[in-house]
Amino acid sequence: MSDPVSIVSSLAATAFVAVAGKNADPIVRPSDRADAQINGVLPLAKSLGRNPREVAEELVSKLNLEGTCSKVEIAGPGFINLTFDDGFLLRELQKALTSERLGVGAAEVSRRIVVDYSAPNVAKEMHVGHLRGTVIGDALVRMLQFVGHTVIRENHIGDWGTPFGMLIEHLLDVGETSAADELSLGDLNGFYKAARAKFDADDTFKERARLRVVSLQGGDSETLRLWRILVAESTRYFNTVYQRLGVLLTDDDLAGESKYNDLLPKVVERLRDKGILEESDGAEVVFPPGFLNRDNEPLPMIIRKGDGGYNYATTDLACVLDRIERLQVSLMLYVVGSPQAQHFQMLDAVCRMAGWMGDTDEAVHVAFGSVLGSDRKMLKSRDGDTVKLVELIDEAIDRAAAAVANKNPELSESERANVARMIGIGAIKYADLSTDRIKDYIFDWDRMLAFEGNTAPYLQYAHARICSIFRRAGVDRGALRGGDIAITHPAERALVIRLLQFDTAVGETIERYSPHRLCTYIYDLATDFTAFYENCPVLKAETDELRESRLRLADTTALVINRALGLLGIESPEVM
RNA sequence: GCCCGCGUAGCUCAGUGGAUAGAGCGUCUGCCUCCGGAGCAGAAGGUCGCAAGUUCGAUUCUUGCCGCGGGCGCCA
């Protein structure tokens, strides 16, 4: 904990106990009238039936802020305005600097957590719809790991179900080798569409597909061999996308639906043993209370279809069993689009009815909105198709390369390519991460690649320029660390306070699984650095001491930007 | 019909039970021989969808309504 607001808050809490005789939230918040303000006096006075200003005075007398605040004043009806002591801020900054995580505290309790994200479908193209889930999930994984949790990534790919009948038959028609080539090249849409077209147009093909599904589910070894080709080629393709995108997912994280096949009968069995499985319209279902259908009748979660087959609900239940009983996790994050909200509510309800999840187990639907075009409709390519993720990546890098060539023509070709990659990918990711995930967001190339405003290029540029200060100074950043930092200007002070808020920013981001909070923080930090850089000459500082102090502030800022962007899965170029 | 989410400046978006609601872009007026303009200073622009309620205090919480999007039994 390095945020002065948190530190002062806990000090205030003890004073509140002294005055109130019980725990009371001091409600300490950052303030624009001082560094922080204590808002908890008014509600406390109300509950004590006392005059607020009187209570405020008593509180101030019991508040030991020696060494943390240089000024404490009561204002208005009973607010207490606090001004932090500069020495205190600088001590905290030094502590943060020498800490492992730049002041960010470890989680109070380290948990085992599954993060379920990305989830593309085998033999189907990855498109913009997969972008958000992949990027948000990856950022959450990085942050949770950062604060000390044990994170298990799970990529729940769609590798099972009726479409595989037609896909396998199409594979046979095309020939295994050329089909594999087609898939590994990434022409998944073409493959899927061709299969689909035949399925729709040709009754004998449809029959073959139907029979193939049966033998797939029956475990026919030849069919499984063919199925594995589809899965292997698809996942190989997914991996190339993940690598280009710079996300953590690998084959080790694959947890396709097929993986849970053996568990499905057990799910049914255990629900039946629990006495909550019912028969309805020929299907075996569970009715979690409170869910109604169109006609205001109880809405079931279908465990086993009328034809004896299983569906996604069963698989998801099996997943929960596996995660809780085998992986021993207590928290499951589902980074999945918001349209599936009701499904996850029912899933949670059924797991609790079944007793699989207890009071300490949590399943959180980390829901996110859709990616829209400028017309506010689902983003589509010109021909009305979904936009392929790889094409999006290509275009981002192309556009970034053009911007870099324009901004810094001096860069060598290979440097430019590398920087363009970092900027392009960063821009896409940041655009996705920087707005509240629950809302739909409007995809706009010009905005996300702008060097002004709350964008990745702006933040990356801020980082690169700080690096350039050191190149120009001819100073080794590492060698500088540990030395004195001074506050001689309000802009330096504001920057120090902001640097200390990194802890809170990460904490709030994790608490709400909302990466945009961290984005806002980095942007504020960059803005504060700009004000500092504008007002406080660094290389031309009046004295060597001041120059070094300011270089240290620049260094710290760059470290935090780099680390924070890293937590979002975004790289920080040193030149651009 | 029922349920869920969203509705903040012209546009894209932050934000909060507290004392004058913020940013970027766009618009307008100035400024700077600046460590790479990520420029700087200022102006205009908002009944925080509408209406009640809870509260000392609501844009934030509750309810109703309006608008938009999504979901609502054998797809995932």
Side-chain angles (χ1 to χ4, degrees), chain A residues 27 29-33 37 39-43 45-46 52 75-79 81 119 121 156 158 160-163 257 280-285 287 290-307 309-313 315-316 336-343 345 367 369-370 372 374 376-378 407-408 410 431 434-436 438-442 444 446-448 450-455 457-466 468-469 471-473 516-517 519-520 523-524 526-527 529-531 533-541 550 554 575-576:
Chain A
I27 318 179
R29 298 287 133 87
S31 172
D32 46 2
R33 294 165 182 253
Q37 58 183 63
N39 295 331
V41 175
L42 281 88
K46 181 80 182 170
F79 299 108
N81 291 341
N121 291 312
H156 205 61
W160 202 252
T162 47
E257 293 166 56
S280 176
D281 295 343
E284 297 191 88
V285 308
F287 287 102
F291 294 91
L292 299 174
N293 70 11
R294 230 178 261 283
D295 304 313
N296 275 325
E297 293 156 354
L299 180 68
M301 178 161 244
I302 292 168
I303 310 300
R304 195 164 191 200
K305 299 190 286 184
D307 67 3
Y310 302 101
N311 62 12
Y312 70 107
T315 310
D316 279 353
V336 179
S338 54
Q340 293 197 53
Q342 182 177 257
H343 168 66
Q345 281 170 15
S370 312
L372 307 180
S374 52
R376 291 194 155 274
K377 291 182 181 158
M378 295 290 276
K407 196 138 192 108
N408 190 353
E410 318 275 297
S434 59
T435 70
D436 192 353
I438 200 67
K439 294 179 182 173
D440 293 345
Y441 103 93
I442 296 176
D444 183 331
D446 292 333
R447 209 186 308 279
M448 74 174 73
F451 283 74
E452 301 89 40
N454 190 10
T455 69
Y458 173 83
L459 301 174
Q460 290 170 320
Y461 192 44
H463 179 265
R465 281 209 44 195
I466 295 174
S468 97
I469 295 171
R471 280 193 296 275
R472 182 175 287 260
H516 83 281
R517 297 216 155 229
C519 294
T520 303
Y523 180 61
D524 287 341
T527 304
F529 185 82
T530 302
Y533 198 57
E534 186 72 23
N535 290 290
C536 305
V538 177
L539 298 178
K540 297 175 181 170
R550 288 178 175 168
V575 186
M576 56 188 278

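To find a chain, count down the sequence lines: A is the first, B the second, and so on, and within it residues start at 1.
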*Asks:* Between A:Leu539 and A:Arg472, which heavy-atom pair has the shortest distance, and what is it?
*Replies:*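 Smallest interatomic distance, heavy atoms only, reads CD1-CD, 3.5 Å.
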*Asks:* Can you tell which of B:A14, B:G71, B:G17 lies closest to the side chain of A:Arg29?
*Replies:* B:G17
*Asks:* Could you tell me whether A:Phe291 contacts a base, only the sugar-phosphate backbone, or nothing, with contacts defined as non-hydrogen atoms closer than 4.0 Å?
*Replies:* nothing
*Asks:* What's A:Met576 touching, base or sugar-phosphate or nothing? Going by heavy atoms closer than 4.0 Å.
*Replies:*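 Since a base atom lies under 4.0 Å of A:Met576, the category is base.
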*Asks:* Counting the atoms with a prime plus P, OP1 and OP2 as sugar-phosphate, which does A:Ile442 contact under 4.0 Å by heavy atoms, base, sugar-phosphate, or nothing?
*Replies:*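 The residue A:Ile442 makes sugar-phosphate contact but no base contact.
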*Asks:* Using a cut-off of 4.0 Å on non-hydrogen atoms, how would the nucleic acid contact of A:Pro537 be classed: base, sugar-phosphate, or nothing?
*Replies:* base
*Asks:* Looking at every heavy atom in both A:Pro52 and A:Pro77, which two are closest together, and how far apart are they?
*Replies:* CB-O, 3.3 Å
*Asks:* Just call it for A:Ala283: base, sugar-phosphate, or nothing, with non-hydrogen atoms closer than 4.0 Å on any strand.
*Replies:* base
*Asks:* Tell me the interatomic distance from A:Ile469, atom CD1, to B:A38, atom P, rounded to whole angstroms.
*Replies:*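 A:Ile469 atom CD1 is separated from B:A38 atom P by 12 Å.
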*Asks:* Work out how far the C1' atom of B:C25 is from that of B:G64, and round it to whole angstrom.
*Replies:*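 37 Å, rounded to whole Å.
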*Asks:* Taking only side-chain N and O atoms of A:Arg376, does any of them lie within less than 4.0 angstrom of OP1 or OP2 on B:U12?
*Replies:*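 Indeed, a polar side-chain atom of A:Arg376 lies that close.
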*Asks:* By the 4.0 Å heavy-atom rule, please label A:Leu292 as base, sugar-phosphate, or nothing.
*Replies:* sugar-phosphate
*Asks:* Can you identify which nucleotide, out of B:U8, B:G24, B:G36, has its nearest atom closest to the A:Glu452 side chain?
*Replies:*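 Of the options given, the side chain of A:Glu452 lies nearest B:G24.
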*Asks:* Please classify the nucleic acid contact of A:Gln345 as base, sugar-phosphate, or nothing, using heavy-atom distances under 4.0 Å.
*Replies:*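 No contact.
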*Asks:* Please report the distance separating the C1' of B:C48 from the corresponding atom of B:G15, rounded so that it comes out in whole Å.
*Replies:*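 Pairwise C1' distance, B:C48 against B:G15, rounds to 11 Å.
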*Asks:* Shortest non-hydrogen contact from A:Met576 to A:Pro457?
*Replies:* CE-O, 3.8 Å
*Asks:* If you only use heavy atoms from C-beta on, which nucleotide in B:G73, B:G69, B:U20 is closest to the side chain of A:Glu297?
*Replies:*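 From the listed options, B:G73 comes nearest.
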*Asks:* Give none if B:C13 has no partner; otherwise give the nucleotide forming a Watson-Crick or G-U wobble pair with it, both distances under 3.5 Å.
*Replies:*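 Partner of B:C13: B:G22.
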*Asks:* Under 4.0 Å, heavy atoms only, any strand: does A:His343 hit a base, just the sugar-phosphate, or nothing?
*Replies:* nothing
*Asks:* For the residue pair A:Tyr461 and A:Phe451, does the interplanar ring angle fall in the parallel (under 30°), tilted (30 to 60°) or perpendicular (over 60°) class?
*Replies:*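 Perpendicular: the ring planes of A:Tyr461 and A:Phe451 meet at over 60°.
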*Asks:* Heavy atoms only, 4.0 Å cut-off, all strands: where does A:Thr530 land among base, sugar-phosphate and nothing?
*Replies:*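 A:Thr530: base contact, heavy atoms under 4.0 Å.
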*Asks:* Return yes if the base of B:G36 and the side-chain atoms of A:Ser468 contain a donor-acceptor N/O pair under 3.5 Å, otherwise no.
*Replies:* yes
*Asks:* Between A:Ser370 (side chain) and A:Leu372 (backbone), is there a donor-acceptor pair under 3.5 Å?
*Replies:* no
*Asks:* Tell me what A:Ala75 touches on the nucleic acid: a base, only sugar-phosphate, or nothing, going by heavy atoms under 4.0 Å.
*Replies:*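 The residue A:Ala75 makes base contact.
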*Asks:* According to the Watson-Crick and G-U wobble definitions, with both distances under 3.5 Å, which nucleotide is paired to B:A51?
*Replies:*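 Partner of B:A51: B:U63.
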*Asks:* Should the side chain of A:Ser280 and the base of B:G73 be counted as holding a donor-acceptor pair, with the cut-off at 3.5 Å?
*Replies:* yes
*Asks:* Can you find a pair of side-chain heavy atoms, one from A:Thr527 and one from A:Tyr458, that are under 4.5 Å apart?
*Replies:* yes
*Asks:* Mind checking A:Tyr523 for me? I need base, sugar-phosphate or nothing, with any heavy atom below 4.0 Å counting as a touch.
*Replies:* sugar-phosphate
*Asks:* Between A:Val285 and A:Phe79, just flag the one whose closest nucleotide in RNA chain B comes earlier from the 5' side.
*Replies:* A:Phe79
*Asks:* Let me know the distance between CG of A:Asp295 and P of B:C72, rounded to the nearest Å.
*Replies:*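 Going from A:Asp295 (CG) to B:C72 (P), I get 14 Å.
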*Asks:* Between B:G36, B:C72, B:G69, which nucleotide gets closest to the side-chain atoms of A:Arg294?
*Replies:* B:C72
*Asks:* C1' atom, B:U60 versus B:C6: distance in rounded Å?
*Replies:* 15 Å
*Asks:* When you check the phosphate oxygens OP1 and OP2 of B:A38, does a side-chain N or O of A:Arg465 lie under 4.0 Å from one of them?
*Replies:* yes
*Asks:* Whether A:Lys305 contacts B:C75 is assessed here as follows: a side-chain N or O lying under 4.0 Å from the phosphate OP1 or OP2. Is that the case?
*Replies:*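 Looking at the OP1 and OP2 atoms of B:C75, one of them is under 4.0 Å from a side-chain N or O of A:Lys305.
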*Asks:* Closer than 3.5 angstrom, by distance alone: can the side chain of A:Asn293 be matched with the main-chain N or O of A:Asp295 as a donor-acceptor pair?
*Replies:* yes
*Asks:* Between the base of B:A19 and the side chain of A:Gln37, is there any donor-acceptor pair under 3.5 Å?
*Replies:*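 Looking at the base of B:A19, it does pair with a donor or acceptor on the side chain of A:Gln37 (distance under 3.5 Å).
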*Asks:* For B:A76, does either OP1 or OP2 sit under 4.0 Å from a side-chain N or O belonging to A:Tyr312?
*Replies:* no
*Asks:* Could you check which nucleotide pairs with B:A58 in any of the strands shown, counting Watson-Crick or G-U wobble with both distances under 3.5 Å?
*Replies:*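 With both distances under 3.5 Å required, B:A58 matches none.
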*Asks:* For A:Arg376, does the CZ atom have more than 12 heavy-atom neighbours from other residues, nucleotides or ligands under 6.0 Å away?
*Replies:* no
*Asks:* Are A:Arg517 and B:G15 close enough that a side-chain N or O sits under 4.0 Å from OP1 or OP2?
*Replies:*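 For B:G15, OP1 or OP2 has a side-chain N or O of A:Arg517 closer than 4.0 Å.
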*Asks:* When rounded to the nearest Å, what value does the distance between P atoms of B:C61 and B:G1 take?
*Replies:* 26 Å
*Asks:* What is the distance, to the nearest angstrom, from the OH atom on A:Tyr310 to the P atom on B:C75?
*Replies:* 15 Å
*Asks:* Work out how far the C1' atom of B:U54 is from that of B:C40, and round it to whole angstrom.
*Replies:* 47 Å
*Asks:* Only pairs with both distances under 3.5 Å count, Watson-Crick or wobble alike; so what is the partner of B:C28 in this structure?
*Replies:*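 When the pairing criteria are applied, B:G42 turns out to be the nucleotide that pairs with B:C28.
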*Asks:* With respect to the side chain of A:Leu299, which nucleotide from B:C6, B:C72, B:G39 is positioned closest?
*Replies:*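 Looking only at side-chain atoms, A:Leu299 lies closest to B:C72.
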*Asks:* Using modelled atom types only, decide if a donor and an acceptor are shared between the side chain of A:Thr455 and the backbone of A:Ala450 within a distance under 3.5 Å.
*Replies:*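 Yes: the side chain of A:Thr455 pairs with the backbone of A:Ala450.
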*Asks:* So which nucleotide from B:A14, B:G73, B:C2 ends up closest to the side chain of A:Pro300?
*Replies:* B:G73
*Asks:* C1' atom, B:U59 versus B:U47: distance in rounded Å?
*Replies:*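 About 11 Å, rounded to a whole number of Å.
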*Asks:* Distance between the C1' atoms of B:G69 and B:A9, in whole angstroms?
*Replies:*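 23 Å, rounded to whole Å.
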*Asks:* Heavy atoms only, 4.0 Å cut-off, all strands: where does A:Asn81 land among base, sugar-phosphate and nothing?
*Replies:*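 Base contact.
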*Asks:* Under 3.5 Å, is there an N or O donor on one side and an acceptor on the other linking the side chain of A:Asp524 and the base of B:A14?
*Replies:* no
*Asks:* Using atom P in both nucleotides, what's the gap between B:A43 and B:C3 to the nearest angstrom?
*Replies:*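 Nearest-Å result for B:A43 against B:C3 at atom P: 48 Å.
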*Asks:* Does A:Pro457 reach a base, just sugar-phosphate, or nothing at all? Heavy atoms under 4.0 Å.
*Replies:*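 Contact class for A:Pro457: none.
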*Asks:* Looking for any heavy atom pair under 4.0 Å, which part of the strands does A:Thr527 touch: base, sugar-phosphate only, or nothing?
*Replies:*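 The residue A:Thr527 makes no contact with any strand.
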*Asks:* From B:G73, B:C13, B:A38, pick the nucleotide closest to the side chain of A:Tyr458?
*Replies:*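 Of the candidates, B:A38 comes closest.
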*Asks:* The side chain of A:Leu42 is closest to which nucleotide in this list: B:C72, B:C56, B:G71?
*Replies:* B:C56
*Asks:* Take A:Gly282 and A:Ala464, find for each the nucleotide of RNA chain B with the closest heavy atom, and name the residue whose nucleotide sits nearer the 5' end.
*Replies:*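 Its nearest nucleotide lies further toward 5', so the answer is A:Ala464.
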*Asks:* Please report the distance, rounded to the nearest Å, between CG in A:Asp436 and C1' in B:U12.
*Replies:*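 Going from CG in A:Asp436 over to C1' in B:U12 covers 14 Å.
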*Asks:* At less than 4.0 Å, is any side-chain N or O atom of A:Arg472 found next to OP1 or OP2 of B:G36? Yes or no.
*Replies:* yes
*Asks:* I want to check something: taking the side chain as every heavy atom from C-beta on, are A:Tyr310 and A:Thr315 in contact at a cut-off of under 4.5 Å?
*Replies:* no
*Asks:* Within the structure, does a side-chain N or O atom of A:His516 lie under 4.0 Å from either OP1 or OP2 of B:G15?
*Replies:*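 So the side-chain polar atoms of A:His516 do come within 4.0 Å of the phosphate oxygens OP1 or OP2 of B:G15, strictly under.
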*Asks:* Find the partner of B:G5: check Watson-Crick (N1-N3 plus N6-O4 or O6-N4) and G-U wobble (N1-O2, O6-N3) distances, both under 3.5 Å, and reply none if neither fits.
*Replies:* B:C68
*Asks:* Would you say a side-chain N or O of A:Lys439 is under 4.0 Å from OP1 or OP2 of B:G7?
*Replies:* yes
*Asks:* Taking the side chain of A:Asp281 as its heavy atoms from C-beta onward, which of B:A38, B:C74, B:G5 lies nearest to it?
*Replies:* B:C74
